[in-house]
2 protein chains.
Amino acid sequence: MAKNITIAQVAEQAKVSKSTVSQYLNKRYEYMSESTRQRIEAAIEELNYHPNSIARSLKQKSTYTVGVIVANILHSFSTQILRAIENNFNANGFHIIICNADDEPEKERNYIEMLQAKQVDGLIIFPTGGNLDLYEQMHKQNFPVVFMDRKIDGLEINTVMLDNHRAAQLAIDAFVESDYKRISIITTSIIRNTSPRVERIEGYRQALEAHGLPVREEYIRTADAANIQNELNELFALDAPPEAILAGNDRVLLEVLKYMKEHQLVIPDDVAVIGIDEVAFASFYTPPLTVVTQPTIDMANKATELLLEQIKSENKTAKTAIHRLQPSLIKRGSC
Amino acid sequence: MAKNITIAQVAEQAKVSKSTVSQYLNKRYEYMSESTRQRIEAAIEELNYHPNSIARSLKQKSTYTVGVIVANILHSFSTQILRAIENNFNANGFHIIICNADDEPEKERNYIEMLQAKQVDGLIIFPTGGNLDLYEQMHKQNFPVVFMDRKIDGLEINTVMLDNHRAAQLAIDAFVESDYKRISIITTSIIRNTSPRVERIEGYRQALEAHGLPVREEYIRTADAANIQNELNELFALDAPPEAILAGNDRVLLEVLKYMKEHQLVIPDDVAVIGIDEVAFASFYTPPLTVVTQPTIDMANKATELLLEQIKSENKTAKTAIHRLQPSLIKRGSC
DNA sequence: CTGTTAGCGCATTCAA
DNA sequence: TTGAATGCGCTAACAG
C-alpha cells in the first residue's frame with residue numbers, strides 16, 4: 001500500500017506549519033487567512049490526504065466508536081436491533097463495531113477485552129451471563145455499558161429488555177380466550193439461566209394461575225434447538241398431550257412447525273401455536289401465525305440513548321435501571 | 001472512566017524499564033530473567049493493566065482488523081456470510097468491523113473512508129456499484145479489497161460470487177423437467193445494475209433457449225420489494241399467465257408466497273415456485289419449497305483467503321480474478 | 001538480560 | 001495568524 005501521507009506533507013506542500021493544517025482539519029478557519037486556507041485545501045486534494053484517525057484517537061482519548069456484542073447474529077431479533085442501533089449511532093457521529101459471541105462466554109470475554117483495548121467509547125452487550133467478573137469490573141471502572149435483552153442480577157448496569165412476563169401472558173391470554181386449556185411452553189436452553197427464558201416461563205405460570213388453570217410441570221420444556229424434536233415427541237406421547245404450544249423464540253417456533261408438518265398435525269385444529277418474535281413468513285403461513293413481537297426499534301433507541309448519555313456524562317455516575325419495553329400480540333390464525 | 005494505566009506504570013511497579021515490559025507483552029521472554037518476568041506479570045495483574053491497541057497500531061501500522069461492508073444486513077445471505085467471515089478472521093487473529101450500507105452508495109462511501117481512516121488492514125465489500133472512483137483508488141493504492149456477491153466491471157479486484165447463470169439454469173431445468181413451459185422470473189431492482197440480478201436474468205434466457213422455449217419479455221419482471229405485488233398482478237392478468245415463477249432472491253420469494261396466499265393460488269398446482277437463496281421455513285412450508293442455495297461458507301472462506309493473502313503479500317500485486325462458486329438445487333415440493 | 005532513545009500521526013498549548 | 005515544542009502509549013533499534 002502506498003505509504004501514507006501525513007499532515008506534515010500537507011503542511012509542506014501548502015507551505016504552512018502542521019498546526020495550521022490541523023486547525024484547518026478541525027474547521028477552525030478563523031485562525032488563518034483565506035489564502036492559506038485555500039492552499040491547504042488544494043494540498044489536501046492533490047495529495048489525496050486522509051487524516052489518520054488512529055493517531056487522532058490516541059491523542060484525544062476518544063474513538064467515537066462503540067462496540068456491540070450480540071449473543072447470536074443469526075437471530076433475526078439481533079439483526080433488527082443491530083440495524084437500528086447502527087443507524088442511531090451514525091446519526092450521532094459514532095461508528096459501531098459488531099461482534100458475534102455465538103452464545104459463548106469465552107468469545108464474549110475476548111471481544112470485551114479487545115474492544116476495550118481498541119478504546120471504544122462504550123459497549124452494548126447481549127450478555128451471555130458467563131463473565132460476571134468482567135461485567136463487574138466495567139461497572140466499577142465506570143465504563144459505559146448497556147445490556148440488551150438479558151439482565152444480570154446484582155449489577156447496576158443499564159439494561160433494555162422485553163417485559164417477558166407480559167409476553168408470555170399475552171400468549172396465554174390468547175390461548176385461553178380461544179378456549180385452550182392444556183397449554184405447553186417450550187424454550188431453548190443452550191445458554192445458562194438467561195433471563196428471558198426464565199421470565200417467559202414465570203410469566204407462563206402466573207398467567208395460567210391467573211386463569212385458574214393448573215400448571216403441569218410436564219408441559220414446561222427447555223432444550224437446545226437440536227433436541228426440541230425429542231421434547232415434542234415426549235409431549236405428544238403424554239396421556240393428555242397439550243392442545244396449545246407457546247414457542248419461546250423464533251428458533252423454537254421453526255422446530256415446532258417442522259414437527260407439526262412431519263407429524264401431519266394441523267394448526268390450530270390439532271394444536272394451536274403462538275411464537276414469541278415475529279418471523280418473516282408469519283402472515284402468509286398456513287395458517288397465518290399468531291405471534292408476540294418485540295419493539296426492536298424502540299429497544300434500540302433506548303439503548304442508544306442510555307449509552308450516549310453515559311459516554312457524555314463522563315464520570316458522573318448516573319442512576320441505572322432496567323428498562324422494560326412492552327411486547328404486543330399480533331393475532332392471526334394459529335390460535 | 002478510571003484513567004488508563006500505561007506501560008510506564010507497570011514498568012515502575014515492576015522496577016524495570018518500559019521496553020522490558022514491552023518485550024514481555026510481545027512474549028519475547030528470552031530477553032529477560034525469570035525473576036523480572038514474574039515481577040512484570042505480578043505488576044500487570046495488580047494494576048489490571050491492558051495494553052492500548054490504538055497506540056500499538058499507530059506504531060506498527062497494522063491494526064489486525066478488517067472491515068466488512070454488507071449491502072443489506074437484513075438479508076439472511078449477508079448474515080450467514082458475516083458469521084462465517086468473522087469466525088475465519090478470528091481464527092487468524094484478526095477482528096472485523098461490520099458495517100451496513102443499506103444499499104446506499106453514500107453510506108458505502110462514508111464507511112470506506114472511515115474504515116481506511118481507522119487504518120483497517122483490508123476490506124470485504126458487497127459493492128453497491130455507486131463508488132467507482134473509490135474502488136479504483138483503492139485498487140491503485142494496492143489496498144487489500146475483495147468484493148463479495150457482486151462484480152464491478154473493468155476493475156482488477158478479487159471477487160467472490162455465485163455462478164448466477166448456473167443458479168437460474170438449475171431452476172429452469174427443474175421447471176422444465178416437471179413440464180412447466182410458461183416460466184417467469186422476478187427480481188428486485190432497488191439497486192443499480194447489480195450483477196447478480198442481471199446474470200440471473202441472462203441465465204434464465206439462456207436456459208429457456210437451451211430448452212427450445214420462447215423467451216417472453218412480459219415474463220421478466222424487476223421491481224423493488226414494495227412493488228412486487230403489482231408486478232404479480234400484471235403477470236396474472238396476462239392472456240397466458242405463467243405456470244411457474246422463479247423468485248430472484250429471498251425477499252422476492254416472500255412477496256411471491258404472500259401473493260399466492262392472498263389470491264388462493266395453490267403451489268405447485270396453480271403455479272410452481274422456486275426461490276434463489278435458502279429460507280428457514282422452506283423444508284416445512286406447504287408445500288415444501290424447492291430452492292437454489294448459495295454455498296455461503298465456501299464463499300466466506302474464499303473471501304477470507306483472498307483478503308489475507310493480499311494483506312500478507314504487501315505490495316506484490318497478486319493476480320486477481322473472479323471466483324465463481326456453484327449453487328445447488330434442493331428439490332422439494334413447490335415444483 | 002536491561003535501559004535509553006527516538007519516533008508513529010496528530011492536537012494542543014504557548015510564543016512570536 | 002502562524003509555528004515550535006510537547007506528549008498520547010507503544011515499539012524497536014541500539015547500547016550497555
Side-chain angles (χ1 to χ4, degrees), chain A residues 1-41 43-44 47-65 113-114 116-121, chain B residues 1-41 43-44 47-65 113-114 116-121:
Chain A
M1 179 172 168
K3 70 172 178 304
N4 280 316
I5 44 187
T6 76
I7 205 172
Q9 299 172 47
V10 176
E12 188 178 0
Q13 172 101 2
K15 311 220 180 290
V16 295
S17 79
K18 292 192 303 178
S19 58
T20 306
V21 178
S22 175
Q23 300 284 24
Y24 172 89
L25 293 175
N26 291 289
K27 306 196 194 304
R28 285 192 275 275
Y29 303 129
E30 323 87 66
Y31 296 121
M32 66 195 73
S33 64
E34 177 64 16
S35 74
T36 61
R37 217 201 81 173
Q38 288 179 355
R39 284 209 314 285
I40 294 175
E41 200 166 306
I44 288 178
L47 269 39
N48 187 28
Y49 165 78
H50 290 280
N52 179 330
S53 63
I54 288 276
R56 182 194 307 235
S57 296
L58 178 60
K59 182 73 186 175
Q60 295 190 152
K61 316 300 233 92
S62 177
T63 53
Y64 288 95
T65 302
E113 287 177 345
M114 89 90 166
Q116 292 205 110
K118 280 198 190 304
Q119 311 294 113
V120 296
D121 296 343
Chain B
M1 177 169 168
K3 71 172 178 303
N4 281 315
I5 44 189
T6 76
I7 205 172
Q9 299 173 47
V10 175
E12 189 177 0
Q13 172 100 1
K15 311 220 180 291
V16 295
S17 79
K18 292 192 306 177
S19 59
T20 306
V21 178
S22 176
Q23 301 283 26
Y24 173 89
L25 292 175
N26 292 287
K27 305 196 196 306
R28 285 191 275 275
Y29 303 128
E30 324 88 65
Y31 295 121
M32 67 196 70
S33 68
E34 178 62 17
S35 75
T36 58
R37 217 202 81 175
Q38 289 178 354
R39 285 210 312 287
I40 295 175
E41 202 165 304
I44 288 178
L47 270 40
N48 185 28
Y49 165 76
H50 289 280
N52 178 331
S53 63
I54 288 277
R56 185 196 304 242
S57 295
L58 178 59
K59 181 70 186 178
Q60 294 190 154
K61 314 304 229 86
S62 177
T63 52
Y64 287 96
T65 301
E113 286 175 348
M114 88 92 165
Q116 293 206 109
K118 279 198 189 306
Q119 311 294 111
V120 296
D121 295 342

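Protein chains get the first letters and strands the later ones, always in sequence-line order, with residue 1 at the start of each.
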- Query: So which heavy atom on A:Met32 is nearest to which on A:Arg28, and how close?
  - Reply: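 Closest heavy-atom pair between A:Met32 and A:Arg28: CE-O, 3.6 Å.
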- Please report the shortest heavy-atom distance between B:Ile5 and B:Tyr49, naming the atom on each side.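 Nearest heavy atoms, B:Ile5 then B:Tyr49: CD1-CA, 3.3 Å.
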Roughly how far, to the nearest 0.5 Å, is the [atom2] atom of [Y] from the [atom1] atom of [X]?
X	Y	atom1	atom2	value
B:Gln60	A:Ile54	CD	CD1	11.0 Å
B:Thr36	B:Gln38	OG1	CD	9.0 Å
A:Ile40	A:Leu25	CD1	CG	8.0 Å
B:His50	A:Met114	NE2	CE	14.5 Å

- Task: Can you sort out which residues in residues 50-58 of chain A have a heavy atom within less than 4.0 Å of DNA chain D? Ascending by number, please.
- Result: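 Heavy-atom contacts with DNA chain D come from A:Leu58.
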Take the protein atom [atom1] of [X] and the nucleotide atom [atom2] of [N], then report the distance between them rounded to whole Å.
X	N	atom1	atom2	answer
A:Leu47	C:dG9	CG	C1'	15 Å
B:Lys118	C:dG9	NZ	P	18 Å
A:Lys27	C:dA11	NZ	P	12 Å
A:Ile7	D:dC8	CD1	C1'	15 Å
A:Arg37	D:dT2	CZ	P	12 Å
A:Arg39	D:dT2	CZ	C1'	11 Å
B:Leu25	D:dT11	CG	P	6 Å
A:Lys61	C:dC10	NZ	P	18 Å

- Using side chain to side chain donor-acceptor pair (under 3.5 Å) as the criterion, list what pairs up with B:Lys118, not counting sequence neighbours.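 Side chain to side chain donor-acceptor pair (under 3.5 Å) list for B:Lys118, sorted by chain: A:Thr65.
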- Message: Does either side chain, that of A:Ser22 or that of A:Ser19, offer a donor lying less than 3.5 Å from an acceptor on the other one?
- Response: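 Short answer, no.
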- Task: Ignoring backbone atoms, establish whether A:Ser17 has a side-chain N or O less than 4.0 Å from OP1 or OP2 of D:dG3.
- Result: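 For A:Ser17, the contact criterion (side-chain N or O under 4.0 Å from OP1 or OP2 of D:dG3) is met.
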- Message: Over all strands shown, is A:Tyr49 touching base, sugar-phosphate only, or nothing at heavy-atom distances under 4.0 angstrom?
- Response: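 Touches sugar-phosphate only.
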- Item | Among D:dT1, C:dG3, C:dC10, the nucleotide that comes nearest once only the side chain of B:Thr20 is considered |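 Of the candidates, C:dG3 comes closest.
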- Inspect the surroundings of CD in B:Gln13 and state if more than 12 heavy atoms from other residues, nucleotides or ligands are less than 6.0 Å away.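 Atom CD in B:Gln13 is packed in, count exceeds 12.
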Dump every N/O contact between nucleotides 12-16 of chain C and the protein below 3.5 Å, one line per pair.
| from | atom 1 | to | atom 2 | distance (Å) |
| --- | --- | --- | --- | --- |
| C:dT12 | OP2 | A:Arg28 | NH2 | 3.2 |

